[in-house]
Amino acid sequence: MAKNKNGKKPAHFGWLKLALELIVVFVGVTAGFLFDSFREDRSDRRLEQKYLESLHQNLLSDSTELNTYLANNRNNVDISEVVVAAMQRGNLSSDSALMVIQVMASYYNLNLNDATYQSIVSSGNLGLIRDFELKEQMVNYYQAQEDMRYVEGVYNDYVSNYVIPHVFNFMDFVTGEADSEFDVNDREFRNITSGYYVLARQQYELMESLDSLCLELEKEVSASVEGL
């Protein structure tokens with residue numbers, strides 16, 4: 001080995017020791033990162049499960065609500081459809097007219113629960129839902145809820161602005177009887193009833209579609225919860 005000017009051997013540099021220290025540091029940092037990543041992923045999975053379980057309860061409640069209103073709305077659509085057909089034939093009876101008046105004077109406000117979905121979206125946690133198709137179904141269902149609220153608002157506005165004011169002119173809401181001067185062939189009554197039938201049918205069809213989306217999403221969420 002070469003000597004320096006003083007005749008001494010140069011100090012041996014510990015490359016192996018340095019390499020081992022670097023490996024230990026790298027392994028330690030990597031292990032810490034992996035542990036933090038694992039812990040964060042586990043936390044995300046717990047939060048995902050919590051969201052899905054809460055969403056499942058919301059959907060079960062929505063399904064019950066939709067089934068109740070579908071039955072009521074189907075009855076209203078059927079009655080108004082029969083009355084409109086009788087108007088077209090020119091043989092509408094006073095009893096049928098009073099029946100459709102009672103139907104038209106009713107309001108409908110679905111009490112659907114979107115609290116969990118809004119919480120997921122507002123907190124920026126929609127990405128926690130790993131199943132892309134499930135996320136797409138969620139977005140579609142709650143967008144359909146918004147559409148339903150809009151149609152429901154149009155329906156209720158029509159009842160408030162057209163049906164009720166007109167009915168007040170000839171209907172006694174205490175006794176449920178119409179004035180003797182009430183004419184079932186009155187043009188305004190015919191037009192209001194026809195308009196009501198169109199809105200009621202539109203509302204019912206959208207409600208049917210929403211119910212179908214609700215059932216499909218409930219099944220998918222239930223399966224996802226069981227798979228976590």
Side-chain angles (χ1 to χ4, degrees), residues 57-115 117-118 140-218:
Q57 294 302 313
N58 289 172
L59 292 168
L60 289 175
S61 175
D62 285 356
S63 181
T64 300
E65 183 82 359
L66 285 165
N67 286 335
T68 300
Y69 277 85
L70 275 170
N72 292 336
N73 230 33
R74 178 71 260 177
N75 180 65
N76 291 356
V77 171
D78 289 343
I79 291 174
S80 55
E81 184 176 24
V82 169
V83 168
V84 169
M87 287 178 174
Q88 292 173 338
R89 294 192 303 268
N91 62 350
L92 177 64
S93 67
S94 296
D95 290 341
S96 295
L98 289 175
M99 185 179 297
V100 80
I101 287 170
Q102 293 173 349
V103 164
M104 291 193 299
S106 58
Y107 289 87
Y108 288 93
N109 288 296
L110 278 168
N111 185 26
L112 300 178
N113 194 339
D114 65 347
Y117 177 74
Q118 293 301 333
N140 290 339
Y141 173 67
Y142 287 102
Q143 180 57 57
Q145 270 198 16
E146 288 298 314
D147 296 341
M148 185 73 243
R149 290 190 182 97
Y150 174 78
V151 171
E152 190 176 58
V154 172
Y155 172 93
N156 287 337
D157 285 345
Y158 185 84
V159 172
S160 297
N161 297 328
Y162 295 97
V163 176
I164 298 298
H166 179 67
V167 171
F168 267 141
N169 292 327
F170 59 82
M171 187 76 182
D172 187 334
F173 283 87
V174 176
T175 63
E177 297 177 354
D179 293 341
S180 57
E181 298 178 357
F182 169 59
D183 182 8
V184 296
N185 294 313
D186 176 70
R187 178 178 295 177
E188 185 176 2
F189 173 73
R190 289 164 60 89
N191 290 342
I192 287 175
T193 303
S194 299
Y196 171 84
Y197 166 63
V198 171
L199 288 176
R201 186 177 62 181
Q202 179 187 37
Q203 187 182 46
Y204 179 80
E205 290 173 352
L206 186 56
M207 202 177 296
E208 271 193 321
S209 175
L210 185 62
D211 182 56
S212 177
L213 290 174
C214 181
L215 290 175
E216 292 175 6
L217 181 57
E218 186 273 323

Hey, is the main chain of Arg190 close enough, under 3.5 Å, to the side chain of Ser194 for a donor-acceptor pair? yes
Between Ile164 and Met104, is there a side-chain heavy-atom distance shorter than 4.5 Å? no
Can you see whether Asp62 engages Asn113 through a side-chain donor-acceptor pair at a distance of less than 3.5 angstrom? no
Any side-chain heavy-atom pair from Asp114 and Arg149 closer than 4.5 angstrom? yes
Is there a side-chain contact between Val82 and Ser96 (heavy atoms, below 4.5 Å)? no
Using atom types as modelled and distance alone, determine if a side-chain donor or acceptor of Asn161 lies under 3.5 Å from a backbone N or O of Asp157. yes
If every non-hydrogen atom of Cys214 is compared with every non-hydrogen atom of Leu66, which pair is closest and at what distance? CB-CD1, 4.1 Å
Determine whether Met207 and Glu152 satisfy the following criterion, side chain to side chain contact (heavy atoms under 4.5 Å, CB included), listing intermediate values before the conclusion. CA-CA 10 Å; Met207 202 177 296; Glu152 190 176 58; 5.8 Å; no
Stepwise side-chain hydrogen bond (donor to acceptor under 3.5 Å, both in side chains) check, Gln145 with Tyr141: CA-CA 6 Å; Gln145 270 198 16; Tyr141 173 67; 3.3 Å; yes
For a quick test of reading the model, state the closest non-hydrogen atom pair linking Ala200 to Val77 and the distance between them. O-CG2, 3.5 Å
Heavy-atom donor-acceptor pair, Asp211 side chain to Leu70 backbone, under 3.5 Å: no
As an exercise, state the distance from CD1 of Ile192 to NE2 of His166, rounded to the nearest 0.5 Å. 4.5 Å
Which distance, rounded to the nearest 0.5 Å, do you find between the CG of Leu110 and the OH of Tyr69? 6.0 Å
For the residue pair Ser209 / Ser212, report whether a side-chain donor-acceptor contact shorter than 3.5 Å exists. no
Quick one: does Gln143's side chain get under 4.5 Å of Asn140's, heavy atoms only? no
Any donor-acceptor pair under 3.5 Å from Ser61 side chain to Gln57 backbone: no
Would you please indicate yes or no on a ring centroid separation below 6.0 angstrom for Tyr155 and Tyr196? yes
Might you work through the side chain to side chain contact (heavy atoms under 4.5 Å, CB included) test for Val84 and Arg89, ending with a clear yes or no? CA-CA 9 Å; Val84 169; Arg89 294 192 303 268; over 6 Å; no
What's the spacing between Glu146 CD and Leu210 CG if we round to 0.5 Å? 11.0 Å
Just checking Met99: does its CE atom have more than 12 heavy atoms from other residues, nucleotides or ligands closer to it than 6.0 angstrom? no
Could you tell me how the ring of Tyr117 sits relative to the ring of Tyr142: parallel (under 30°), tilted (30 to 60°) or perpendicular (over 60°)? parallel
When rounded to the nearest 0.5 Å, the distance separating CG of Asn73 from CG of Leu206 is 10.5 Å
When every non-hydrogen atom of Val100 is compared with those of Ile79, the smallest separation belongs to CA-CG2, 4.2 Å
Do the side chains of Glu81 and Arg201 get nearer than 4.5 Å, heavy atoms only? no
Is atom OH of Tyr158 surrounded by more than 12 heavy atoms (other residues, nucleotides or ligands) closer than 6.0 Å? yes
Can you tell me how far the CG atom of Asn58 sits from the CG atom of Leu112, to the nearest 0.5 Å? 10.0 Å
I'd like to check Asn72 versus Thr68 (side-chain heavy atoms, cut-off strictly below 4.5 Å). Are they in contact? yes
Quick check against the 3.5 Å criterion: does Ser63 have a side-chain atom that pairs as donor or acceptor with the backbone of Leu59? no
Taking C-beta and beyond as the side chain, do Phe189 and Met87 meet within less than 4.5 Å on heavy atoms? yes
